[in-house]
Amino acid sequence: LGQHGIESTGAPFIRYYVIDMADKMDVEIGVPVAAAVTGDDRVKRGVLPVGRYASLIYRDVTRGVEGNGVLIDWGAAQGLKWDHWQVPEGDAFGSRYEIFLTGPQDDPDPHMWDTEVAIRLADELCPHPRPLVWPARAAKRRLGPGGRGEKDLWWGSLRRLGKLTN
């Protein structure tokens, strides 16, 4: 980006297209920018699809698999359907990503870094462009043990990314 004079407008993220924890994954590394840009041989332009997402913020980079599991289990308990299907290479997703909310610039201890994982809900659950929130809760809710400043912390939300059009 720097070679093209483009500045990031937010935290970097990883988008997961296909996940196979026992083998290879199809992923994309991205950074948000203010406006559409042209790419080159190495850097391509992309977008995160609009829609409703369930998300969870976990603390400690070593707890990513566990944090993803908490979100997936919670979604199953709520009867949510992910924008997800099986392919020979593993579990494919219409949109699943992790964004790095904090990092070494905030705290040298990676066990204190916060990461948000978000998975888009299946389109049939998103017929109207309205946000979905946790039952009787605000946008953030603690999903597990811990408190602010502790390593064992989960926050979750359901939200809409972008504007849906008919």
Side-chain angles (χ1 to χ4, degrees), residues 1 4-21 24-59 61 64-103 113-143 154-166:
L1 293 174
H4 297 282
I6 301 167
E7 291 187 33
S8 170
T9 60
F13 61 90
I14 298 174
R15 181 171 177 192
Y16 298 93
Y17 288 97
V18 178
I19 296 176
D20 180 350
M21 296 302 287
K24 298 178 182 176
M25 290 196 259
D26 182 2
V27 301
E28 179 177 72
I29 307 298
V31 293
V33 294
V37 297
T38 56
D40 59 27
D41 292 340
R42 288 191 57 223
V43 177
K44 305 285 185 224
R45 183 177 117 187
V47 296
L48 292 172
V50 300
R52 290 191 309 171
Y53 288 73
S55 68
L56 176 133
I57 298 171
Y58 63 88
R59 177 158 293 155
V61 296
V65 171
E66 183 181 2
N68 276 267
V70 167
L71 177 59
I72 290 168
D73 291 346
W74 177 85
Q78 302 304 310
L80 299 178
K81 294 182 183 175
W82 308 115
D83 183 5
H84 164 265
W85 61 96
Q86 294 295 314
V87 295
E89 298 80 17
D91 297 320
F93 291 87
S95 187
R96 179 176 177 167
Y97 66 92
E98 291 190 24
I99 188 165
F100 306 105
L101 302 175
T102 58
W113 300 349
D114 292 336
T115 304
E116 178 181 19
V117 59
I119 306 173
R120 191 169 89 147
L121 301 178
D123 288 337
E124 72 254 19
L125 291 180
C126 194
H128 305 290
R130 60 182 170 78
L132 176 66
V133 297
W134 296 79
R137 293 289 189 196
K140 288 189 176 179
R141 176 179 177 192
R142 198 175 73 185
L143 294 179
W154 315 107
W155 291 286
S157 69
L158 287 168
R159 61 186 169 74
R160 184 169 48 86
L161 179 66
K163 182 177 182 182
L164 299 179
T165 57
N166 292 337

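This one's a predicted model, so the numbers in the text were calculated from it and none came from an experiment. The analysis underlying the following values was restricted to heavy atoms, covering all of them including side chains, and did not include hydrogens, waters or symmetry mates.
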### Task
Quick one: closest heavy-atom pair of Asp20 and Gly90, and the distance?
CB-CA, 4.3 Å
#### Entry: Heavy-atom side-chain contact between Leu48 and Phe13 under 4.5 Å
yes
### Heavy-atom closest contact (Leu71 atom, Ala54 atom, distance)
CD2-O, 3.7 Å
#### Entry: Gap between atom CE of Met21 and atom CG of Asn68 - 0.5 Å precision
8.0 Å
### Task
Tell me, please, which residues at least two apart from Glu7 pass side chain to side chain contact (heavy atoms under 4.5 Å, CB included).
none
### Arg120 side chain vs Phe93 backbone, donor-acceptor pair below 3.5 Å
no
### Task
Grab the two heavy atoms, one from Gly94 and one from Pro49, that are nearest each other, plus how far apart they are.
O-CG, 3.7 Å
### Task
Would you mind reporting whether Val70 and Tyr58 have side-chain heavy atoms less than 4.5 Å apart?
no
### Task
Given side chain to side chain contact (heavy atoms under 4.5 Å, CB included), test Ile119 with Tyr53 step by step and report yes or no.
CA-CA 5 Å; Ile119 306 173; Tyr53 288 73; 5.6 Å; no
#### Entry: Which residues share a side-chain hydrogen bond (donor to acceptor under 3.5 Å, both in side chains) with Glu28, sequence neighbours left out
Tyr17
### Query
Could you state the interatomic distance from CD1 (Ile14) to CD1 (Ile99), rounded to the nearest 0.5 Å?
11.0 Å
### Task
Check the pair Asp91 / Arg96 against side chain to side chain contact (heavy atoms under 4.5 Å, CB included), numbers first and verdict last.
CA-CA 11 Å; Asp91 297 320; Arg96 179 176 177 167; 6.0 Å; no
### Task
Mind listing the closest non-hydrogen atom pair of Asp83 and Ser95 along with its distance?
OD2-N, 4.3 Å
### Task
Just jot down the ring pair (Phe, Tyr, Trp, His ring centres under 6.0 Å) partners of Tyr16, sequence neighbours excluded, or say none.
none
#### Entry: Derivation of the side-chain hydrogen bond (donor to acceptor under 3.5 Å, both in side chains) call for Glu98 and Thr115
CA-CA 7 Å; Glu98 291 190 24; Thr115 304; 5.2 Å; no
### Task
Could you tell me which non-hydrogen atom of Ala36 sits nearest to which non-hydrogen atom of Arg45, and how far apart they are?
CB-NH1, 3.7 Å
### Minimum heavy-atom distance Trp82-Gly75, with the two atoms named
CZ2-CA, 3.8 Å
### Query
What is the distance from atom CD of Glu116 to atom CD1 of Ile57, rounded to the nearest 0.5 Å?
5.0 Å
